[in-house]
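Atoms within a ligand are numbered from 1 in the order they appear, just like the ligands themselves.
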Amino acid sequence: MSLLPVESISALSRLHPKPAQIHFQYGTAGFRTIASVLDSVLFRVGVLAGLRSKKLDGKTIGVMVTASHNPEQDNGVKLVDPRGEMLDTSWEIHATALSNAQTTDDFIRELEKLVQALKIDLSKPARVVYARDTRPSGASLVSSLEDGIKAIGAEGRNAGATRETPQPLTIDCANGVGAPIAARLVEYLGDTCLWFWKTPLNNACGADYVKTTQKLPPSLAGRLQPGQRGCSLDGDADRLMYYYLDDRSHFHMLDGDKITALVAAFIVELVKTSGLDSQIKVGVVQTAYANGASTKYLSERLPVRCVSTGVKHLHHAAEHYNIGVYFEANGHGTVLFSQPTQDILASYEPTTPAQSTALEHLRNLNQLINQTVGDALSDMLLVEVVLAHKAYSGNEWDSLYVDLPNRLVKVVVVDRTQFKTEDAERQLVSPVGLQQKINELVRRYDGGRSFVRPSGTEDVVRVYAEASIKTQADELAFRVAGLVYDESGGNPATRPKEFL
Ligand code: G16
């Protein structure tokens with residue numbers, strides 16, 4: 001049975017503290033008062049909307065941020081049930097109770113009571129659609145709402161997003177081979193839609209820099225605006241990493257796993273809407289580096305296979321599906337349509353306008369995607385198409401699931417060839433006994449997962465670790481790295497200090 005995601009709720013709730021001495025009330029049309037005190041209410045409404053959706057088996061719940069006829073300095077929020085009617089009145093009391101919990105701990109206790117009392121199955125999906133009116137306070141309140149939707153792991157869609165002028169996408173080509181091609185693309189798309197920026201080749205820029213440091217390339221600092229998306233390619237333009245800055249200018253990375261989730265969910269939806277779901281099966285291929293939260297999100301929706309690192313392995317495995325979506329966490333990947341699937345798409349005769357539109361989209365995707373090899377610019381256009389269709393901002397895309405904290409460490413060893421793996425690189429078979437030591441260590445960490453494999457491109461052994469909180473993921477990674485270093489016969493005097 002799924003549990004309340006207490007970690008993510010606590011972490012995000014602390015950003016939205018309840019003002020002391022204010023009593024909130026879910027009134028005639030939701031919460032309505034002076035906008036400056038509503039931040040915590042919006043966050044909590046986001047969480048509640050997610051729970052209401054789960055209770056209704058994943059049906060979409062609406063949230064409208066407005067204070068209707070009230071003066072501009074007021075604002076408010078009301079919840080809307082799946083058929084467009086106002087929130088079931090029996091839930092108003094829960095909204096009031098949650099909004100008045102004084103601390104984050106009180107809030108979590110109230111949530112636990114609610115989940116238990118209403119027997120909410122937390123493993124169900126949750127979908128929330130929201131919008132706001134034109135008040136100046138609206139944007140920041142929507143951002144608090146989005147944190148709530150994200151905290152409970154619900155899928156959020158900003159139905160008002162298209163009212164705003166889309167911000168241009170910034171492309172960092174790492175000054176590699178993608179740069180001159182992106183420059184030509186800009187000529188077609190116009191620089192209001194697309195910009196690109198030159199930097200020295202792979203120097204503090206590019207996809208690998210973003211993935212390994214989980215930071216914005218310094219050359220984009222001050223250029224990427226809050227709410228704006230950017231992406232980085234690598235030198236040979238076959239890796240793609242996306243990111244965006246939130247309203248507080250915090251950096252958020254959207255890696256190959258997030259691309260898989262976005263693209264695979266969209267294709268599954270199109271196949272279903274077109275009426276082809278009994279003939280076309282969509283599947284995903286990942287490696288052990290895929291974030292555990294992405295694997296969970298995807299496995300609940302479609303078949304997922306794990307293979308060894310290297311696009312050659314992923315590509316072959318993806319060929320076994322009718323439509324195979326594969327991206328490594330580091331941003332290599334593409335989507336493959338099998339020949340029989342392409343034939344079905346070419347000959348299928350839809351019977352409704354909705355089927356016809358979905359079919360057309362599938363045919364267009366088949367043309368757009370470079371199916372020979374992962375191609376970052378083609379992947380970028382694919383991502384932009386899906387974001388435009390779903391009217392997703394970076395934040396909404398990011399909210400599909402919340403990444404588990406993780407850490408990747410490189411260990412320089414005497415001889416990396418002594419490290420041998422099996423089970424898609426998730427288990428070490430040599431040096432004998434080391435895997436058992438790793439397993440014993442992993443068991444001590446909540447949500448712990450770790451694996452060790454020799455790199456095929458650098459003279460190092462890579463250690464990956466996940467845990468439910470970041471400090472624990474870091475500690476686990478460094479402890480496993482320490483085991484690897486010792487096992488490889490490394491000189492204790494030169495044992496890196498951070499290996500603990
Ligand atoms: C190559 C492969 C990728 C792989 C990466 C790292 O990428 O094409 O599939 O993920 O190496 O591999 P390893 O962990 O074995 O070093 P690239 O972009 O470096 O050519």
Side-chain angles (χ1 to χ4, degrees), residues 171-179 181 201-214 217 231-242 253 255-260 284-291 294-295 305-319 324-336 370-380 406-413 415-430 449-466 477 480-481 484 488:
I171 315 175
D172 150 31
C173 293
N175 209 13
V177 296
I181 307 300
L201 176 66
N202 289 336
N203 183 358
C205 63
D208 194 46
Y209 174 87
V210 173
K211 180 65 183 165
T212 50
T213 65
Q214 306 198 4
C231 66
S232 289
L233 281 52
D234 64 341
D236 57 352
D238 63 356
R239 296 189 192 202
L240 177 68
M241 299 296 300
Y242 261 76
M253 183 178 74
D255 64 1
D257 298 336
K258 288 269 162 143
I259 296 175
T260 308
V284 159
V285 188
Q286 298 188 307
T287 72
Y289 290 112
N291 192 279
S294 80
T295 309
R305 241 194 99 186
C306 179
V307 299
S308 297
T309 301
V311 280
K312 58 185 180 184
H313 301 296
L314 288 106
H315 196 94
H316 284 308
E319 282 172 335
V325 181
Y326 76 84
F327 282 90
E328 290 185 299
N330 62 21
H332 289 103
T334 189
V335 180
L336 305 181
N370 182 341
Q371 299 183 42
T372 311
V373 69
D375 161 345
L377 285 168
S378 159
D379 289 339
M380 181 194 83
N406 59 87
R407 183 71 190 250
L408 187 60
V409 174
K410 291 183 195 183
V411 190
V412 179
V413 296
D415 174 16
R416 75 181 150 128
T417 62
Q418 69 173 136
F419 290 82
K420 296 196 171 52
T421 62
E422 63 177 16
D423 185 21
E425 305 179 320
R426 290 173 289 194
Q427 299 288 321
L428 270 179
V429 286
S430 160
R449 179 170 80 94
S450 180
F451 67 91
V452 168
R453 58 174 282 278
S455 164
T457 60
E458 295 174 61
D459 195 11
V460 296
V461 168
R462 299 196 202 281
V463 173
Y464 177 86
E466 273 176 12
V480 173
V484 167
S488 75

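Between the Glu328 side chain and the Gly333 main chain, no donor and acceptor come within less than 3.5 Å of each other. In this structure a side-chain-to-backbone donor-acceptor pair under 3.5 Å is present from Thr334 to Asn370.
Inter-residue side-chain proximity for Asp172 and Tyr209 is flagged as unmet; no heavy-atom pair is nearer than 4.5 Å. The closest side-chain heavy-atom distance from Val484 to Phe419 is below 4.5 Å.
With sequence neighbours left out, the salt bridge (charged side-chain N to carboxylate O under 4.0 Å, His left out) criterion links Glu422 to no other residue.
Protein residues with a heavy atom under 4.0 Å from ligand 1 are Asp234, Arg239, Thr309, Gly310, Val311, Glu328, Asn330, His332, Arg453, Ser455, Gly456, Thr457, Arg462.
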| Thr260 and Gln286: CA distance, side-chain angles, deciding distance, side-chain hydrogen bond (donor to acceptor under 3.5 Å, both in side chains) verdict | CA-CA 9 Å; Thr260 308; Gln286 298 188 307; 5.2 Å; no
